[in-house]
Chemist: 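Just passing along the structure, written as structure tokens.
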Amino acid sequence: MPEAYSNKVMEHFKNPRNVGELENPDGTGHVGNPVCGDIMEMYIKVKDNVITDAKFKTFGCGAAIATSSMATELIKGKTIEEALSVTNKAVAEALGGLPPVKMHCSVLAEDALKSAIDDYLKKTTGKGLPGFKPHDHTH
Amino acid sequence: MPEAYSNKVMEHFKNPRNVGELENPDGTGHVGNPVCGDIMEMYIKVKDNVITDAKFKTFGCGAAIATSSMATELIKGKTIEEALSVTNKAVAEALGGLPPVKMHCSVLAEDALKSAIDDYLKKTTGKGLPGFKPHDHTH
Amino acid sequence: MDYAATTPPHPDVVEAMLPYLKEKFGNPSSLHSFGQEAKAAVEEGRKQVANLINCQPEEIVFTSGGTESNNFAIHGVIHKLKPNKNHIITSKIEHHAILEPCHFLEKEGPAPDGAGAGFKVTYLDVDEDGLVNPEDVRAAITDKTALVSIMHANNEIGTIEPIKEIAKITKEKGVYFHTDAVQTVGQIDVDVADLGVDLLSASAHKFYGPKGIGFIYIKKGTRMTQFLRGGSQERNRRASTENVPGIVAIGKAAEIAKTELSERIKKTTELREMLFNGLLEKIPDIRINGHRTKRLPKNAAIIVKYVEGESMLLNLDLEGIAASTGSACSSGSLEASHVIRAIGTSPEDSHGSIRFSLGRLNTKEEVKYVLEVFPKIVQKLRAMSPLRRK
Amino acid sequence: MDYAATTPPHPDVVEAMLPYLKEKFGNPSSLHSFGQEAKAAVEEGRKQVANLINCQPEEIVFTSGGTESNNFAIHGVIHKLKPNKNHIITSKIEHHAILEPCHFLEKEGPAPDGAGAGFKVTYLDVDEDGLVNPEDVRAAITDKTALVSIMHANNEIGTIEPIKEIAKITKEKGVYFHTDAVQTVGQIDVDVADLGVDLLSASAHKFYGPKGIGFIYIKKGTRMTQFLRGGSQERNRRASTENVPGIVAIGKAAEIAKTELSERIKKTTELREMLFNGLLEKIPDIRINGHRTKRLPKNAAIIVKYVEGESMLLNLDLEGIAASTGSACSSGSLEASHVIRAIGTSPEDSHGSIRFSLGRLNTKEEVKYVLEVFPKIVQKLRAMSPLRRK
Ligand SMILES: Cc1ncc(COP(=O)(O)O)c(C=O)c1O
Ligand SMILES: Cc1ncc(COP(=O)(O)O)c(C=O)c1O
């Protein structure tokens with residue numbers, strides 16, 4: 001939907017940043033399911049509370065790919081706390097907006113990110129992200 | 001409906017023959033009514049059992065006018081018996097056919113003719129046309 | 001002079017739609033850029049139409065014409081509000097595209113859910129000018145009433161109904177109000193906000209657009225079901241692949257109407273008055289049909305006593321003049337039209353109804369020509385008429 | 001390559017309709033010669049269409065498209081035959097324009113006349129190729145069955161249904177049979193006498209005619225009510241001013257289809273096989289969707305594992321290639337289509353459905369281009385896919 005997607009979305013869709021997996025990630029997020037048609041996996045490396053690297057793998061529509069790409073870009077170099085304040089809105093805005101029917105993709109990206117941080121916290125502190133519960137993505 | 005009317009119908013519609021009334025007619029026919037929208041009056045002069053003149057007045061559609069015109073033409077010079085054998089089909093055929101929805105106009109013309117003969121017979125013999133009963137033209 | 005039956009598409013309208021018949025043939029529902037180009041054209045058309053009748057683009061749903069819009073309005077509302085509301089109020093002079101769906105619903109018998117009585121329709125009387133009395137609408141509304149549908153202007157006699165007054169009553173009573181504006185959109189000022197209606201029907205070919213495309217205005221928040229069911233086009237309100245060239249055309253026709261409106265009104269009013277005055281002067285025993293002033297500028301309907309409509313039409317046609325008798329939309333049967341009967345015309349007179357309707361391309365010369373030719377035709381036919389002397 | 005969603009009107013079709021958008025703008029219902037010229041054009045269009053599908057001109061009723069034809073078929077028959085007959089049989093892979101009217105009728109609850117049960121619909125299963133089993137039709141027919149509606153060929157997966165076999169059964173049982181032939185008319189041989197159907201729907205824009213015009217074949221003697229109600233156009237079967245330019249266009253499109261048919265079949269089959277074979281050879285983990293041989297010549301539907309449809313479409317679009325996923329007619333929602341689900345595709349796989357559809361203007365070069373570009377796209381997306389390794 002070139003008309004409906006912003007240039008920025010198309011740009012990230014055409015050249016997604018940070019595609020792939022990380023070897024020995026410090027945190028791994030996995031959200032979505034094949035029934036609803038969007039699956040995101042996010043991998044983070046954390047050093048001294050700072051996200052030094054992030055990668056993703058996504059099965060999904062154009063918006064799903066673009067939001068994954070943007071989300072990984074936004075969190076790289078940020079502290080965990082800073083990364084946690086990256087909301088789905090922030091991802092969508094950084095992409096120049098998303099069509100209303102595609103806003104759920106940005107929610108998925110936020111969830112993937114939180115899920116990766118949750119995993120990281122569990123591994124390092126034994127406790128996950130307080131109150132974290134991914135959205136139900138089955139619709 | 002130039003497309004639906006034959007050239008012959010249009011010709012009689014444009015230049016109807018025998019329009020008008022006869023002074024002291026030997027027979028007058030009057031059929032139809034204003035509710036149904038077609039009224040025909042037919043006047044005949046009869047001499048030695050032969051129709052020497054016929055005229056009509058008609059309020060109605062193109063087919064009503066054309067069939068009146070044709071009917072008067074067909075009966076002029078005919079004996080009463082010959083005129084009685086002029087059916088609505090004969091009138092329609094002489095006009096090169098009529099659209100199906102307009103066939104009732106030819107029935108009206110036949111009735112006008114019979115009604116005029118009926119009137120003539122009543123006046124001369126005291127008895128009308130055996131079994132004559134005009135069609136119900138109110139639909 | 002039969003611009004009420006249909007109008008020639010404006011040359012700019014044909015020009016505008018051509019690319020969408022040729023290279024820009026995408027399906028607006030397709031995801032690729034080809035489809036999206038078509039979608040953009042559809043949305044532009046929607047804006048142009050909305051601009052003409054003063055509403056939001058989202059309140060416009062494109063249809064195949066006035067008939068579909070009318071059927072949609074009636075069915076859409078009643079099927080949504082049944083069984084609580086099962087009553088419709090309309091008038092005796094509506095177009096068949098309102099009356100027939102109403103007849104169908106009445107015949108449906110008991111309500112589909114079996115709860116109590118079936119659909120009921122009240123057909124309001126009109127006065128001898130064809131006017132609906134708003135107080136009759138008020139009196140007919142019950143707590144079962146779902147919808148009032150009164151046409152903006154009548155297609156045969158041109159009378160313009162008191163829509164604003166009726167809208168005040170329906171609003172007060174909480175009843176939906178639909179108006180069939182097929183004869184008015186693009187011809188006189190149609191402002192849905194000012195009129196106060198909830199639903200309004202229009203058809204492009206009555207205002208210099210092509211046949212086969214129309215729209216229905218559905219005020220935001222109006223509850224109704226679909227009528228054409230299938231795909232999710234038109235925000236799920238009307239299924240079927242969008243008629244892109246048609247929509248582009250109706251948009252353009254609306255845009256042109258907006259600019260030309262005051263000129264159109266002025267010109268057709270002038271020609272009509274010239275025609276009316278000339279006819280009344282030259283032909284005895286005729287009268288104007290419909291309201292003398294509350295009427296469509298383009299409509300010149302008259303009753304010619306002692307002669308029958310089709311024979312006048314045929315003679316006019318032979319002289320190159322188009323006109324209509326009864327409703328051009330429903331002829332074929334020459335039964336006196338329901339409109340002519342509803343305004344109390346006698347059976348004899350009803351057959352002598354004839355309608356000239358004027359358009360943007362008519363000229364004074366053409367009116368003069370009619371004034372020259374038509375009196376002779378009437379004279380000729382009257383000489384033949386057995387009714388004359390009575 | 002999205003000719004199943006819509007096709008570009010043939011240049012001769014546009015040429016033929018132009019005069020009817022311009023100077024020949026009469027209303028076929030008008031009595032004057034101007035109207036009669038339009039009427040003659042409509043009747044010529046009717047003959048051309050009748051000639052294509054081998055029926056009488058009077059058996060053709062023009063509509064606004066496939067959706068209206070389908071709605072008309074369903075509503076027209078059931079409203080005529082109710083309450084004695086209140087049951088419809090259809091399949092799970094019909095177009096929404098059949099399924100939605102059926103859903104609506106089901107929800108209507110008890111029959112409108114209050115007599116016993118309401119409308120019932122049986123949605124037949126299909127096999128993994130999308131084929132309806134005629135014996136399932138036989139088994140589903142009861143003495144309440146009014147209508148069977150099974151599509152001629154499916155728009156997503158291209159499977160051609162055993163219409164003749166089903167028609168034998170419906171005839172034997174005395175039940176009406178409708179087929180949605182929107183995807184087949186003008187694409188493969190459609191002969192209503194040979195097929196044995198009572199009702200058939202088609203839409204011009206699927207066979208090189210314009211959008212917004214279609215037809216329904218109604219076999220002489222078939223009892224049904226109207227759907228669009230109003231004026232007495234189309235011999236009282238479909239109200240609304242006739243879309244004259246559209247009718248002229250669909251007539252011309254039918255005429256061209258008749259001449260070009262065997263060529264079209266040959267060409268699209270050839271291109272499709274070239275595409276299928278090339279794709280199967282170059283891309284691992286894909287499979288053909290729909291029946292391998294009983295399929296529309298133009299339809300090349302496949303399932304690409306591990307990738308999602310929209311992302312493939314977008315990438316194709318960036319390379320100038322149009323295609324569709326699920327049904328282009330009902331996209332917007334990216335929920336896996338009901339057709340893909342009905343043939344038993346797993347949820348993962350269903351998202352990877354993509355349809356190329358070929359038309360008269362496609363070339364071998366274009367197919368080669370797709371075979372060059374598409375494997376790279378799939379490779380790129382699969383590299384990104386978390387499903388790949390599982
Ligand atoms: C007042 C009115 N309503 C509805 C219609 C029907 O419109 P269409 O023929 O475009 O369906 C017409 C004319 O045909 C009309 O004059
Ligand atoms: C099989 C089938 N039936 C019906 C339709 C509906 O036709 P239209 O969009 O012309 O109303 C379509 C496509 O849109 C179709 O593919």
Chemist: Taking NZ in Lys282(C) as the centre, count heavy atoms belonging to other residues, nucleotides or ligands within less than 6.0 Å. Is the count above 12?
Modeler: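 Count over threshold, so yes.
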
Chemist: Run the salt bridge (Lys or Arg N to Asp or Glu O under 4.0 Å) test against Lys305(C) and tell me which residues pass, sequence neighbours left out.
Modeler: Asp349(C)

Chemist: Test of understanding: with salt bridge (Lys or Arg N to Asp or Glu O under 4.0 Å), list the residues that count as partners of Lys114(B), not counting sequence neighbours.
Modeler: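 Partners of Lys114(B) under the salt bridge (Lys or Arg N to Asp or Glu O under 4.0 Å) test: Glu110(B).
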
Chemist: Around Lys89(B), counting heavy atoms of other residues, nucleotides and ligands shown, do more than 12 lie under 6.0 Å from its NZ?
Modeler: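 Atom NZ in Lys89(B) is not crowded, with 12 or fewer foreign heavy atoms closer than 6.0 Å.
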
Chemist: Within this structure, what is the CG-CE distance for the pair Leu314(C) and Met10(B), rounded to the nearest 0.5 Å?
Modeler: 5.0 Å

Chemist: Could you please spell out the steps behind the side-chain contact (heavy atoms from CB on, under 4.5 Å) verdict for Thr58(B) and Ser385(C)?
Modeler: CA-CA 5 Å; Thr58(B) 289; Ser385(C) 171; over 6 Å; no

Chemist: Going by the rule side-chain hydrogen bond (donor to acceptor under 3.5 Å, both in side chains), which residues pair with Asn71(C) if we only count those two or more places apart in sequence or in a different chain?
Modeler: none

Chemist: If you look at every heavy atom in Pro386(C) and Phe59(B), which pair is closest and at what distance?
Modeler: CD-N, 3.3 Å

Chemist: I need the contact set between residues 68-87 of chain B and chain C: heavy-atom distance under 4.5 Å, sorted by residue number.
Modeler: none

Chemist: Can a donor-acceptor pair be found, under 3.5 Å and without considering hydrogens, that links the side chain of Glu310(C) to the backbone of Gly62(B)?
Modeler: yes

Chemist: Could you tell me whether the side chain of Lys14(B) and the main chain of Asn315(C) form a donor-acceptor pair under 3.5 Å?
Modeler: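 No, the answer is negative, given that no donor and acceptor are paired below the 3.5 Å cut-off.
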
